[in-house]
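Reviewing the structure listed below.
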Amino acid sequence: MCVMEYYHNSTRITCMQQQDKKLLKLIGKRIKKLRIEKNKSLNSFAFNDCLITSATLSRVENGLVDLKFTTLIKIANALDIPPSKLLENFDFKYNELY
């Protein structure tokens, strides 16, 4: 496990936090790509299909929030795919960054 820390704008950021952000951005990009492939606008997809707010979906797609399991399920259902499909081919191991 990576315990190294660095500081960004006076905020301590651990390697694990960096990897969290990387994973969240990757899943967000995947969700956005699949939404766009279905020809759905962010607002329409969020309100009509996922039953979440467009602000929440935007934060998820941009990797700004650690989405809840229930939100992941709602998004997968709205995309008409199993949740496992959203997580396919991700490396979930935390690696040393340095």
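Values below: all heavy atoms of this structure, side chains included; hydrogens, waters and symmetry mates excluded.
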Correct closest heavy-atom pair for N62 and K25 would be O-NZ, 3.7 Å
In one Ile/Leu/Val/Met/Phe/Trp/Tyr side-chain cluster, 4.5 Å: L67, L26
yes
Is I81 reachable from I73 through a run of hydrophobic residues whose side-chain heavy atoms are each under 4.5 Å from the next?
no
Minimum-distance pair of heavy atoms, taken over all atoms of P82 and A76
C-CB, 4.1 Å
Taking all non-hydrogen atoms of both residues into account, name the closest pair between D80 and K38 and its distance.
CB-NZ, 4.4 Å
Output the distance between atom CG (L34) and atom CG (L86), rounded to the nearest 0.5 Å.
6.5 Å
Which heavy atom of E88 sits nearest to which heavy atom of R30, and what is that distance?
O-NH1, 2.6 Å
Show me the pairs that pass salt bridge (charged side-chain N to carboxylate O under 4.0 Å, His left out) and involve residues 52-66, at least two apart or across chains.
R35-E61
If you look at every heavy atom in I75 and F45, which pair is closest and at what distance?
O-CZ, 4.2 Å
Less than 4.5 Å apart, any side-chain heavy atom of I52 and any of T71?
yes
Looking only at heavy atoms, what is the nearest atom pair of L42 and L57, with distance?
O-CD2, 3.7 Å
From L79 atom CG to K85 atom NZ, the distance as rounded to the nearest 0.5 Å
11.5 Å
State the CG-OG distance between L64 and S58, to the nearest 0.5 angstrom.
7.0 Å
Any link between L87 and L24 through a network of hydrophobic side chains (Ile, Leu, Val, Met, Phe, Trp, Tyr) touching at under 4.5 Å?
yes
Steps toward side-chain contact (heavy atoms from CB on, under 4.5 Å) verdict (V60, I31):
CA-CA 8 Å; V60 166; I31 290 167; 3.8 Å; yes
Hey, could you give me the CG/CG distance between N43 and N48, rounded to the nearest 0.5 Å?
9.5 Å
Excluding sequence neighbours, so at least two apart, what forms salt bridge (Lys or Arg N to Asp or Glu O under 4.0 Å) with K68?
none
